[in-house]
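Working notes for the structure below.
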Amino acid sequence: MDAFFASVELLRYPQLKGLPLVIGGGRRRADDALQASRAGLPLSEIPVADFPRLRDYAGRGVITTATYAARQFGIGSAMGLMKAARLCPDAILLPVDFDEIRRCSRAFKAVIREIAPLLEDRGIDEVYIDFTEVPGGQREGGRVLARLIQRGILDATGLSCSIGVAPNKLLAKMASEFNKPAGISVIHESDLQRLIWPLPCRKINGIGPKTDQKLQALGIHTIGELAAQPLQALLRQFGPSHGAWLHEAAWGRDDSPVVTHSEPVSVSRETTFERDLHPVRDKAELGAIFTRLCEQVAADLRAKGYVGRTIGIKLRYDDFQSVTRELTVEQYSADAREIRRIAGQCLKRVDLTRRLRLLGVRVGTLARPDLLAASPGPAPGLQAGLSLPLF
DNA sequence: TCTGGGGTCCTAGGACCC
DNA sequence: TCTGGGGTCCTAGGACCC
């Protein structure tokens, strides 16, 4: 989806079209001013002058989405809001409306599923689609079906998306970025040298800042340069698994399937405080936050229909160093008090003399309670042992 | 100028088992 | 007194993605 979070807001506030608009922020509501001016007015008639600006923000948030107009100023995703405010103080800032985002996310995925059911969910605003077997999927190399999907999403939601069509997910993902926004690009294996190899390595999905830095240090800047590296050299530098993957990716090879269903691995909640808190001096405040996080995780688990038996915490100190602790217990649970009890034991195993900026609670090793009841494992009194000598 | 929140997957070491 | 070759599970950290 193109500038998804921002585009969703533009549906409500069309008067902001073409203006630099940024979505993000932490706890502090960026739309306080808007709430006040809203009274009695249709949303689309709220004067542009009444919208909150980046310059008025003074919190710890980052940018989730910037419209293309805002990107002109050098603003981008994951940038701190304070830095963004310096680049474009007049940009309008709105908070993320998660309920509305989720609604739009479900809506656009539903449109795609109607046309092409083999869909892999890649988060709130992205999917992979296998339309090899969809009737008409091969027309114009897939371009016809891509147009159909694009049009269907626009009609149903008013939102635009960009589609890349390719022989595999790796290339399709890169292709989807060629013509943003509202673009379609179709690429074939034979386009590898011309279209893919000139790109920076960072464009490969799976090469992040760390790997890129390491590649740069080796004098490897483009995907073509990476492809030219002897496999042996990559294996030596990056280990057998990562090295082999880098080589394959540079050659545009990816045989990973489109996965239509997956079970969640963990559920977590975390929060960055408005100001750093001291475990001793701000004990009461931290305790309340801790309890709330446990309650939220428990509620999320129950809403999704899962229980878990690995309970963990995450801390971030004021110097941004993060630590985690976890404990796996016998009994599955989705109970806030039980989660808090185990998480509390984890807390005892970390340094609590330094100021914290973040606290998180996580539950892993998940199971569905209904399935658990169906196969309770070895019941007491029914256990048997059998051993045979090996030789 | 400090850097959100929710996830997945991988690695590596240690405990423990056969 | 020295020392194998599997395997699973648990834990901590880190890279990466949306």
Side-chain angles (χ1 to χ4, degrees), chain A residues 1 3-5 22-28 30 54 57-65 74-87 95-96 98 101-102 105 120-128 169 173 176 202 204-214 238-246 249 256 259 262-276 293 296-297 300 304 309-330 346 349-350 357-366 385-391:
Chain A
M1 301 302 288
F4 189 46
F5 291 22
V22 152
I23 310 296
R27 251 126 314 285
R28 171 196 256 250
L54 213 35
Y57 186 83
R60 294 190 134 157
V62 297
I63 286 173
T64 307
T65 320
I75 293 176
S77 291
M79 180 182 288
L81 282 167
M82 300 308 274
K83 178 179 178 181
R86 242 164 293 113
L87 291 170
V96 182
F98 283 106
I101 292 291
R102 267 192 294 268
S105 177
E120 177 175 338
D121 207 313
R122 293 298 302 188
I124 202 96
D125 74 335
E126 199 172 279
V127 299
Y128 288 110
K169 296 201 293 187
K173 166 82 173 161
S176 74
R202 194 63 228 277
I204 290 177
N205 186 256
I207 296 183
K210 297 289 181 180
T211 304
D212 191 44
Q213 213 178 6
K214 206 168 157 186
F238 293 92
S241 174
H242 198 205
W245 176 81
L246 285 170
S256 67
V259 177
S262 64
E263 287 291 314
V265 172
S266 66
V267 171
S268 69
R269 286 282 187 144
E270 64 184 54
T271 184
T272 296
F273 318 131
E274 282 177 65
R275 59 176 184 93
D276 295 344
L293 288 169
Q296 286 171 331
V297 170
D300 293 345
K304 293 180 168 138
R309 64 182 188 94
T310 300
I311 285 94
I313 57 154
K314 171 173 161 185
L315 263 57
R316 182 125 71 208
Y317 294 105
D318 55 0
D319 65 355
F320 223 73
Q321 186 210 353
S322 299
V323 299
T324 62
R325 292 292 180 272
E326 64 176 41
L327 207 55
T328 302
V329 296
E330 197 85 348
C346 294
R349 296 191 281 131
V350 295
R357 66 153 28 227
L358 172 147
L359 182 60
V361 175
R362 191 186 92 104
V363 176
T365 319
L366 303 182
L386 172 70
S387 86
L388 297 167
L390 260 174
F391 303 107

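Order of the sequence lines sets the chain letters (A, B, ...), proteins ahead of strands, with each chain counted from 1. This structure is a prediction, so every number in the text was calculated from the model and none was measured.
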Roughly, in whole Å, what's the span from [atom1] in [X] to [atom2] in [N]?
X        : N      : atom1 : atom2 : answer
A/Ile311 : C/dC10 : CD1   : P     : 12 Å
A/Glu326 : B/dT8  : CD    : P     : 13 Å
A/Phe238 : B/dC9  : CZ    : P     : 22 Å
A/Phe98  : B/dG7  : CZ    : C1'   : 13 Å
A/Asp318 : B/dT3  : CG    : P     : 12 Å
A/Lys314 : B/dG7  : NZ    : P     : 11 Å
A/Asp276 : B/dT3  : CG    : P     : 9 Å
A/Phe5   : B/dG4  : CZ    : P     : 16 Å

Quick one: is [X] getting a side-chain N or O under 4.0 Å of the [N] phosphate, OP1 or OP2?
X        : N      : result
A/Arg349 : C/dA12 : yes
A/Thr324 : C/dA12 : no
A/Thr271 : B/dG5  : yes
A/Arg122 : B/dG7  : no
A/Arg60  : B/dT3  : yes
A/Lys173 : C/dC16 : no
A/Ser262 : B/dT8  : no
A/Arg202 : C/dC16 : no
A/Thr272 : B/dG5  : yes
A/Thr211 : C/dC16 : yes
A/Arg357 : B/dG4  : yes
A/Ser268 : B/dG7  : yes

| field | Non-hydrogen side-chain atoms of A/Ile207 and A/Leu246 separated by less than 4.5 Å | value | yes
chi for C/dC2 classified (syn = within 90 degrees of 0, anti otherwise) as anti
* **Greater than 12 external heavy atoms within 6.0 Å of A/Lys210's NZ** => no
[X] side-chain proximity, nearest of [options]:
X        : options                : result
A/Val323 : C/dG13, C/dC17, C/dT11 : C/dG13
A/Lys83  : C/dC16, B/dT1, B/dG7   : B/dT1
A/Lys210 : C/dT11, B/dG4, C/dC16  : C/dC16
A/Arg325 : B/dG7, C/dG13, C/dT11  : C/dG13
A/Glu126 : C/dC10, B/dC9, C/dC18  : C/dC18
A/Val62  : C/dC18, C/dT11, B/dT3  : B/dT3

### Query
Parallel under 30°, tilted from 30 to 60°, perpendicular over 60°: which one fits the rings of A/Phe238 and A/His242?
perpendicular
Walking DNA chain B from its 5' end, the first of A/Ala78 and A/Arg362 to be reached, judged by nearest nucleotide, is A/Ala78
Heavy-atom nearest nucleotide on DNA chain B taken for A/Met82 and for A/Gln296; more 5' hit belongs to A/Met82
Using a heavy-atom cut-off of under 4.0 Å over every strand shown, decide if [X] touches base, sugar-phosphate, or nothing.
X        : value
A/Ile204 : sugar-phosphate
A/Ser241 : sugar-phosphate
A/Lys304 : sugar-phosphate
A/Leu358 : sugar-phosphate

Mate of C/dC18 across any strand shown (Watson-Crick or G-U wobble, both atom pairs under 3.5 Å) is B/dG5
Worksheet item: Looking only at atom C1', what distance separates B/dC17 and C/dG4, rounded to whole Å?
Response: 14 Å
| query | A/Tyr317 and A/Val323: side-chain contact (heavy atoms from CB on, under 4.5 Å), yes or no, with the steps? | reply | CA-CA 8 Å; A/Tyr317 294 105; A/Val323 299; 4.0 Å; yes
The side-chain contact (heavy atoms from CB on, under 4.5 Å) partners of A/Lys83 (sequence neighbours excluded) come to A/Met79, A/Arg86
Taking A/Arg325 for its side chain and A/Arg349 for its backbone only, find out whether a donor-acceptor pair lies under 3.5 Å. yes
Of A/Gly123 and A/Thr365, the one whose closest nucleotide on DNA chain C sits nearer the 5' end is A/Thr365
* Going by ring centres under 5.5 Å and near-parallel planes (under 30°), is A/Phe320 stacked on B/dC2? -> no
**Report entry** Residue pair A/Arg309 / A/Thr365, side-chain donor-acceptor N/O under 3.5 Å
**Finding:** no
**Message:** Checking A/Ile311 against A/Leu327 for the side-chain contact (heavy atoms from CB on, under 4.5 Å) test, could you report, in this order, the C-alpha distance in whole Å, the side-chain angles of both residues, the deciding distance, and whether it holds?
**Reply:** CA-CA 5 Å; A/Ile311 285 94; A/Leu327 207 55; 5.7 Å; no
